[in-house]
Student: 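Quick one: the structure is below, and I'll ask about it shortly.
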Amino acid sequence: MMTFFSEQSFRRQATTELYGSTLVTPFETPRRMEIVLEAIERAGLGEVRAPNDYGLEPVKAVHDAGYIEFLANFWPAWQAEGRTGEAIPSIWPARTLRSDRIPRSLGGKLGYYALAAETSLCEGTFEAALASKDTALAALEHTFESGEPSFGLCRPPGHHAATDQFGGYCFFNNAAIAAQRALDRGYKRVAVLDVDFHHGNGTQQIFYRRSDVFFASLHGDPEVTFPYYLGYADETGEGEGEGFTANYPMAPKTPVSVWMQALEKALAQIARIECELLIVSLGVDIFEHDPISTFTFTRDDFTALGERLADAGLPTVFLMEGGYAVDDIGVNVVSVLQGFEARG
Ligand SMILES: NCCCCCC(=O)NO
Ligand SMILES: [Zn+2]
C-alpha cells in the first residue's frame, strides 16, 4: 500500500497542552509519525511518498475564508504583540454570549475560532496543517488514479476541525478536504467512516446538511467523552442531509465484539446508499492501552478491522487521525493496513 507523508508535518512542535488543570507535553507528538514510519518500513508495507502542494483552493472548498486567514496570520500577529509562549484560548462565544461578531482582539479571535482549549497554537502550526491536507489529497489522488488503497499519514489530524474552528489537535479537516476533492473529481457519493475513539464532530458539521457525503462515526459516548457536545445517535443529518449521518456512541470499555456490530451497521448503510469511495478516519486511539481513551482494541482487533474494511469492496483511502500509545501506534496502524491488504 502506498503511504503519503510530509516532513513539513514536523513544523508543529507544540510544547503545551491543557490537560485537566495542568499544562503537559502534548499527546499528539511528532514522535508518533516516526514510530508509524518505522513500522511501515519494518513491515515492508510499501513506498512512502511526499505529497504535492495542492494549494489553498481545496481548503477554501471546505473551510471559512476568515478562519483560514486567522490560522495563516495568527502566529506572526501573536509575536508582534510581544506575546511569549504558545497561544491557548481562554474565552469563547459561549452560550450566554454573542457569536455573530468577531472581536478585533487576537485573544478574542482565538476563542472565536477555537472549539476547545487543550490545543495550543504555535510556530509552524499553519504550515504543518497545510502539509497534512496535502498528504490527504495525495492519498486521495493516488486512489482515484489507480483504484488502489492508500494511506495518508496526516499530522496534525483533522476530524475535529469544523468549517471555522480548530481543536482536539485538529486545524484543517483532512478527511473533509479529501472527500470534497473526490466529489470534484467525479465521485457521486463518498463515505467517511470515522473509527477514531473520539467523535468526528468537524466532519459531521461540514457535511451535516448534504447527501453527497455519508458520515458514520463509532466513538466514545459524548455523555462522558470529548468532544461531549456532538456525536449522539439522534444526530442523523438535516434537510437534504437527513439520513446521511450515523453515529454509534459506545460506553467506555465496550467489548470489541459490540464495536464490530456497530461497524456492520455502518458498513451496511454505506453499501445501501451506494457510496463509491470509502475514506477512513483512522484513529487508533481505540487501542486498549491508549492513555486518553477507554476502548479495548488489541493489535489483532486492528488486523480484523482492516480485513473487514477490505470486504466492503470499495476504493479506500485511510487518513491518520488520533492514537497516543506512542510505542504501539506503529504496529496498530500497520495491522489495519496489512489486514486490509491481505484481504483485498
Ligand atoms: N482532552 C482533549 C482530547 C482531544 C482528543 C483528540 C483526539 O484524539 N481526537 O480524535
Ligand atoms: Zn481521537
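Ligands are counted one by one from 1 in listed order, and the atoms in each one are counted from 1 as well. No hydrogens, no waters, no symmetry mates; every other heavy atom, side chains included, goes into these values.
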Student: Among the N, O or S atoms that His198 has, which is closest to the Zn ion (ligand 2)?
Tutor: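 Result: ND1.
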Student: Run the salt-bridge test on Glu123 and Arg12 with the 4.0 Å N-O cut-off and return the result as yes or no.
Tutor: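 Between Arg12 and Glu123 there is no salt bridge, as every charged N stays at least 4.0 Å from the carboxylate O atoms.
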Student: Which pairs of donor and acceptor atoms, one on a side chain in residues 68-78, lie under 3.5 Å apart (sequence neighbours left out)?
Tutor:
residue	atom	partner	partner atom	Å
Asn73	ND2	Glu69	O	3.1
Trp75	NE1	Gln79	OE1	3.3
Trp78	NE1	Gly85	O	3.1

Student: Rounded to 10°, how big is the angle at the Zn ion (ligand 2) from Asp196 OD1 to Asp285 OD2?
Tutor: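 Centred on the Zn ion (ligand 2), the OD1/OD2 angle is 100° (to 10°).
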Student: Sub-3.5 Å donor-acceptor pair from the side chain of Thr316 to the main-chain atoms of Leu314, do we have one?
Tutor: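 Checking the backbone N and O of Leu314 against the side chain of Thr316, a donor-acceptor pair under 3.5 Å is found.
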Student: Report yes or no: do Asn173 and Thr203 form a side-chain donor-acceptor pair below 3.5 Å?
Tutor: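 A donor-acceptor contact under 3.5 Å links the two side chains.
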Student: Check each protein residue for a heavy atom under 4.0 Å from ligand 1 and list those that pass, ordered by chain and number.
Tutor: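 The 4.0 Å shell around ligand 1 contains Glu118, His159, His160, Gly168, Tyr169, Asp196, His198, Phe226, Asp285, Tyr324.
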Student: Roughly how far, to the nearest 0.5 Å, is the CG atom of Asp301 from the OG1 atom of Thr296?
Tutor: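 Interatomic distance, Thr296 OG1 to Asp301 CG, rounded to 0.5 Å: 7.0 Å.
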Student: In the hydrophobic clustering that connects Ile, Leu, Val, Met, Phe, Trp and Tyr at side-chain heavy-atom distances below 4.5 Å, which members other than Phe27 occupy its cluster, ordered by chain and number?
Tutor: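 Under the 4.5 Å side-chain rule, Phe27 groups with Tyr19, Val24, Tyr169, Ile292, Tyr324.
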Student: Name every donor-acceptor pair, under 3.5 Å, that has one atom in a side chain of residues 266-283 and the other anywhere in the protein, sequence neighbours excluded.
Tutor:
residue	atom	partner	partner atom	Å
Gln269	NE2	Tyr248	OH	3.4
Glu276	OE1	Lys188	N	2.4
Ser281	OG	Glu321	OE2	2.8

